[in-house]
There are 2 protein chains.
Amino acid sequence: MIIQIEPQSDVPIYEQVSRQIIEGIARGDMKPGDTLPSVRNLAADLCVNMHTVNKSYHELEAKGILTIRAKSGAIIRSVEERALTSEQLQQIEKNLKPLVAEGMVLGASVDQIELMMKKVFADLQMPVEGV
Amino acid sequence: MIIQIEPQSDVPIYEQVSRQIIEGIARGDMKPGDTLPSVRNLAADLCVNMHTVNKSYHELEAKGILTIRAKSGAIIRSVEERALTSEQLQQIEKNLKPLVAEGMVLGASVDQIELMMKKVFADLQMPVEGV
DNA sequence: TGTTTGTTATATTGATTATATAACAAACAT
DNA sequence: ATGTTTGTTATATAATCAATATAACAAACA
């Protein structure tokens, strides 16, 4: 798993870490049961503070993606353990909406946006038809 | 146009205003050529500071959605005036990716995510087939 | 038994967000 | 022509967030 931090990004570092871990899991780079590097090791790798990585891990735990065992490590939960609640779906939908709306207002067509979605799926190596 | 502010949201107020204006335009509540309320009026309506609304307007101008005429007002640009650049599309795609990835990791299927997209389209009253 | 681990605590720095006032000059309405 | 409204600019303040820096603790691990 390679994580690239953009220091000048408007996205906080801890959020960049969270997202790239999620994408790594979605892509299959990391599988359920795998142990994440210790917060100290990953922090050293990324040249960031320990607490920054720790914040990411806890964010992922709050989302139900990880299980943190105190003084041991962080383990990726299986899909079965992750309960996809309607609240989570609604949250994602809520975050999706302004992006789609912006695209539409800027002049993108429905087709363009759906094509964009398919590109994202392809990038995450999800099995989609018609890519 | 009704704008609802959630003071406890983790989304900044100026960002909430920007998003809801964009959604209003996408939905057709506001049309190109329409003038937005003055920053002072809208701020009074929302019970927020003038500068907060001003920040929203300038964000929308930076995105190419508005034209601010100094000491006169803010006008919604037409789709023809708004140049949809590939950079803008890439930016949206970049923001879309972590949301989709999170959905996938949490156990959502491709179908569920595409259904979610269609719900968003429907909410924005975009003409989509199969909704 | 020593090392590694996550946890907790404290402190500091910088940036962001939001508000509060105030003044200015151009635009607007009557 | 006059008074009001407009966006702009400036300054100041408070609160929150993001990130770093140390340090110490106790459980887990080899």
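So that the names make sense, note that chain A is the first sequence line, chain B the second, and so on, each numbered from 1.
- Residues passing the salt bridge (charged side-chain N to carboxylate O under 4.0 Å, His left out) test with A:K97, sequence neighbours excluded: B:E23, B:D123.
- Residues satisfying the side-chain hydrogen bond (donor to acceptor under 3.5 Å, both in side chains) criterion with A:K71, sequence neighbours excluded, are absent altogether.
- By the side-chain contact (heavy atoms from CB on, under 4.5 Å) test, B:I75 pairs with B:T35, B:R69, sequence neighbours left out.
- Bending across the helix from C:dT1-D:dA30 to C:dT12-D:dA19, expressed as the angle between its end axes from five pairs apiece, amounts to 10° (10° rounding).
- Taking the side-chain hydrogen bond (donor to acceptor under 3.5 Å, both in side chains) definition, one finds that A:E59 meets it with A:S18, sequence neighbours left out.
- Residues satisfying the salt bridge (charged side-chain N to carboxylate O under 4.0 Å, His left out) test with A:D29, not counting sequence neighbours, are A:R27.
- Between B:M50 and the choices B:V39, B:N41, B:L42, the side chain to side chain contact (heavy atoms under 4.5 Å, CB included) rule is met once, by B:V39.
- Across the interface with DNA chain D, nearest-nucleotide mapping of A:Y14 and B:E61 shows B:E61 to be the residue nearer the 5′ end.
- For B:H51, the side-chain contact (heavy atoms from CB on, under 4.5 Å) criterion is met by B:N49, not counting sequence neighbours.
- Every residue was checked against the side-chain hydrogen bond (donor to acceptor under 3.5 Å, both in side chains) condition with B:Q4, not counting sequence neighbours, and none meets it.
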### Task
Give the B/S/- string for nucleotides 20-30 of chain D, one per nucleotide from 5' to 3', where a protein heavy atom under 4.0 Å of the base yields B, of only the sugar-phosphate yields S, and otherwise -.
BBB-B-BBSS-
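- Take A:E81 and apply the salt bridge (charged side-chain N to carboxylate O under 4.0 Å, His left out) test, not counting sequence neighbours, and it matches no residue.
- Listed by first and then second residue, the salt bridge (Lys or Arg N to Asp or Glu O under 4.0 Å) pairs that reach into residues 5-18 of chain A are A:E6-B:K94, A:E15-A:R19, sequence neighbours excluded.
- Taking a 4.0 Å limit (strictly below) on heavy-atom distances, residues 16-24 of chain B does not reach DNA chain C anywhere.
- We find that CG of A:N54 is positioned 13 Å from P of C:dA9, with the value rounded to whole Å.
- Here the P atom of nucleotide D:dT8 and the NZ atom of B:K55 are 15 Å apart, to the nearest Å.
- If you check every strand for non-hydrogen atoms under 4.0 Å, B:D10 touches nothing.
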